[in-house]
Amino acid sequence: MKKGVINMTKRGAAAKKSFIKKPGRILISFLVTLVFGLTYFFFSLPAINFQEPALYAFLSLLPVVYAATNIYLSGRFRTPASRSDPKAIGKFLLSASIVPIIIVSGLLLVYLIGNLVSAPIFRAKTYSQLLAFDTGEFLADVQEISFDQIPMLDKDSAVRLGDRKLGELSDMVSQFEVSANYSQINFQNRPVRVTYLQYGDVIKWLNNRSKGLPAYIIVDMVTQNAEVIRVPEGIKYSPSEPIFRNLTRYLRFQYPTTMFGDPVFEIDEEGTPYWVCPKIVKTVGLFGGTTIDGAVLLNAVTGESQYYLATEVPGWVDRVYSADLITDQYNYYGKYNKGFFNSILGQRDVTVTTAGYNYIAMNDDVFMYTGVTSVGSDESNIGFLLVNQRTKDATFYSIAGAEEFSAMNSAQGLVQDLRYTATFPLLLNIAGEPTYFMALKDGAGLVKMFAMVHVQYYQNAVTGATLAECEERYKALLRKNEPTEIQTLTTVTGSLSEIRTAVIGGNSYYYLRLGEDPFYYVISAANSEVAVILNVADHVEIAAIDVDGDLRRASSVARRED
């Protein structure tokens with residue numbers, strides 16, 4: 001018995017001698033923590049910026065890893081005897097963890113205080129001022145747009161066309177996939193969507209890494225033509241790269257303290273692919289009031305990058321401020337412009353953007369448009385917000401009318417037998433009226449028809465197989481149903497000196513000239529059957545809508561006997 005006790009004592013002494021001494025434990029714990037920290041940073045990539053919430057999680061993990069490693073290497077819990085005294089265990093754990101506990105508690109305290117001082121309850125006014133906007137007159141500011149500037153497709157349709165186009169190229173389809181991140185931009189004064197390719201898998205990346213991604217895809221939003229643009233040098237920097245040329249990782253190592261928004265794939269006017277990487281800053285307290293004060297432009301081929309202030313971003317760039325950021329900032333205004341408690345209790349004048357947005361190209365820039373409705377969501381809009389996505393110049397237009405989803409339902413109701421679905425509408429100036437324009441798609445996602453719906457009188461809705469036909473039908477409907485308080489008619493009489501005809505969008509139009517007048521009155525056969533049987537020298541009475549220009553719209557024509 002005594003011999004067994006002696007042997008156990010010897011084994012315990014040998015175990016104690018095998019424990020790592022304190023200097024060694026500190027060194028090894030530090031090295032383990034360093035390796036863990038570098039590995040964690042390599043994959044999580046938090047900005048070294050105290051306005052970055054993810055940084056606090058990263059910094060809190062390091063002392064925890066150090067303490068856990070140090071405790072393990074101490075060997076205090078390797079024998080039954082060392083685990084038999086709870087009081088000694090607690091004392092040891094406290095002494096070994098006191099510094100990590102202080103560090104983690106300090107970080108947690110900063111994080112909590114940062115959130116507290118950033119809370120809207122204390123900073124409602126500041127939140128409401130994140131988006132500065134003017135008020136404007138829609139018809140004065142937004143001119144009628146030509147057909148070759150109106151996007152016919154939405155993102156889903158562009159994705160389908162891009163996938164189909166890549167499938168036609170046998171040398172690419174087996175190795176690459178098309179990214180679903182299509183960016184709508186204005187390229188050479190045309191609305192297009194562009195996207196990049198990505199590697200099919202890790203093996204395909206290994207096979208093609210040296211050459212990079214060979215092309216990008218551009219889809220014309222008007223002609224619906226998809227084209228693969230080959231890049232001879234290869235796109236070397238993209239989210240598809242898994243290691244050092246990964247876009248996020250490459251940016252982080254170049255700009256370790258900068259917080260970035262989601263990068264946007266764009267091309268300049270020569271077709272060179274770039275990544276537009278918005279720089280995020282917090283303007284309310286420590287963590288609140290997200291906005292953008294500049295952007296890094298990174299050449300996707302060479303990796304060269306340049307930072308620009310928001311006011312200095314080159315004109316060819318279209319997407320610096322994301323639509324989600326803009327709607328968030330307006331919603332802060334709509335919610336808190338009368339104070340925090342009003343947003344909860346009274347909700348007087350509380351507004352919110354509708355659950356969707358779209359893009360329109362104007363003046364070589366891309367504008368985001370969304371409706372604004374009351375917080376009660378009564379299926380009607382009180383106005384619209386139009387924002388330049390490069391400069392964040394914003395304008396609010398006070399136009400009461402149906403919200404976008406009501407207009408979509410109105411358009412779909414016209415073709416319910418065909419079961420077409422409407423895209424989220426664009427807000428356009430058509431014939432001097434604020435008008436929703438949308439495409440109608442079949443079950444395969446292909447655009448089959450177009451629809452126009454009056455914003456204020458959404459029962460005034462038409463469809464057409466072509467855009468021109470849709471517009472002509474819409475204008476005819478306006479002339480027929482426009483309220484008299486809006487429609488101003490001028491009646492003229494005289495003898496016809498000339499009659500011309502033309503067929504536009506499948507409809508016959510008559511151009512009537514009276515006497516020696518240098519201009520013509522225009523009316524379609526659908527609006528006036530009398531126009532079909534008129535002859536030169538007939539005496540007529542014309543109700544004119546337009547009284548200026550060489551071509552003046554007429555709402556009716558009557559033949560007079562006197």
Side-chain angles (χ1 to χ4, degrees), residues 40-41 44-62 103-133 247-264 275-298 305-313 317 319-337 339-340 343 352-353 357 368 370 385 387-394:
Y40 184 94
F41 183 85
S44 64
L45 300 170
I48 310 301
N49 188 317
F50 281 102
Q51 289 189 323
E52 170 64 85
L55 179 67
Y56 292 83
F58 172 61
L59 294 179
S60 296
L61 283 173
L62 298 182
I103 294 174
V104 173
S105 299
L107 290 170
L108 180 61
L109 183 63
V110 172
Y111 181 78
L112 293 176
I113 293 176
N115 277 284
L116 185 64
V117 300
S118 307
I121 190 172
F122 302 116
R123 309 294 296 275
K125 182 177 181 181
T126 308
Y127 274 98
S128 71
Q129 296 172 343
L130 288 174
L131 180 67
F133 59 89
L247 177 62
T248 304
R249 187 166 293 113
Y250 185 75
L251 280 171
R252 175 57 60 234
F253 290 152
Q254 283 201 321
Y255 303 90
T257 63
T258 302
M259 296 184 296
F260 287 104
D262 293 332
V264 178
W275 293 100
V276 179
C277 312
K279 177 190 173 186
I280 288 177
V281 293
K282 307 290 186 176
T283 59
V284 182
L286 191 59
F287 301 122
T290 301
T291 191
I292 291 168
D293 72 351
V296 171
L297 302 189
L298 191 149
S305 65
Q306 176 68 47
Y307 172 73
Y308 295 89
L309 294 173
T311 55
E312 299 173 352
V313 172
V317 174
R319 302 281 295 275
V320 175
Y321 298 88
S322 71
D324 290 335
L325 175 67
I326 292 169
T327 55
D328 284 347
Q329 290 190 350
Y330 179 84
N331 287 338
Y332 281 132
Y333 166 81
K335 191 174 183 179
Y336 298 130
N337 71 93
F340 177 81
S343 70
V352 65
T353 57
Y357 49 77
M368 186 220 76
T370 186
L385 189 69
V387 185
N388 186 314
Q389 289 195 271
R390 178 173 60 86
T391 65
K392 211 178 80 165
D393 291 338

CA sep, side-chain torsions, deciding dist, call: Thr327, Met368, side chain to side chain contact (heavy atoms under 4.5 Å, CB included): CA-CA 10 Å; Thr327 55; Met368 186 220 76; 4.2 Å; yes
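- Using a 4.5 Å cut-off on side-chain heavy atoms (C-beta onward), Gln389 and Val320 make no contact.
- Contact record, Ser60 with Leu107: OG-CD1, 3.6 Å, taken as the closest heavy-atom pair.
- In this structure Asn337 satisfies the side chain to side chain donor-acceptor pair (under 3.5 Å) test with no other residue, sequence neighbours excluded.
- Scanning both residues, Pro263 and Pro278, for their nearest heavy atoms gives CA-CD, 4.5 Å.
- Take Thr248 and apply the side chain to side chain contact (heavy atoms under 4.5 Å, CB included) test, not counting sequence neighbours, and it matches Leu45, Asn246.
- A donor-acceptor contact under 3.5 angstrom links the side chains of Asp324 and Tyr357, judged on distance only.
- Side-chain N or O atoms of Ser118 include one that pairs as donor or acceptor with a backbone N or O of Val284 at under 3.5 Å.
- Leu251 places a side-chain heavy atom less than 4.5 Å from the side chain of Val296.
- Scored by the side chain to side chain donor-acceptor pair (under 3.5 Å) test, Thr291 finds Gln329 as partners (sequence neighbours excluded).
- Two residues are said to be in side-chain contact when any heavy atoms from C-beta on lie closer than 4.5 Å; Ser322 and Asp262 fail this criterion.
- No donor-acceptor distance shorter than 3.5 angstrom exists from the side chain of Asn331 to the backbone of Val352, with no hydrogens or angles considered.
- For Tyr332, the ring pair (Phe, Tyr, Trp, His ring centres under 6.0 Å) test picks out Tyr127, with sequence neighbours left out.
- The ring pair (Phe, Tyr, Trp, His ring centres under 6.0 Å) search around Tyr250 returns Tyr237, not counting sequence neighbours.
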Could you walk me through whether Leu55 and Ile48 satisfy the side chain to side chain contact (heavy atoms under 4.5 Å, CB included) test, starting with their C-alpha distance in whole Å, then the side-chain angles of each, then the deciding distance to 0.1 Å, before giving a yes or no? CA-CA 7 Å; Leu55 179 67; Ile48 310 301; 4.1 Å; yes
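- A search for side chain to side chain contact (heavy atoms under 4.5 Å, CB included) contacts involving Tyr111 returns Pro53, Tyr56, Asn115, Phe287, not counting sequence neighbours.
- One distance of note links OG1 of Thr290 with CE of Met259; it measures 7.5 Å at 0.5 Å rounding.
- In this structure, Tyr307 has its ring center no closer than 6.0 Å to that of Tyr255.
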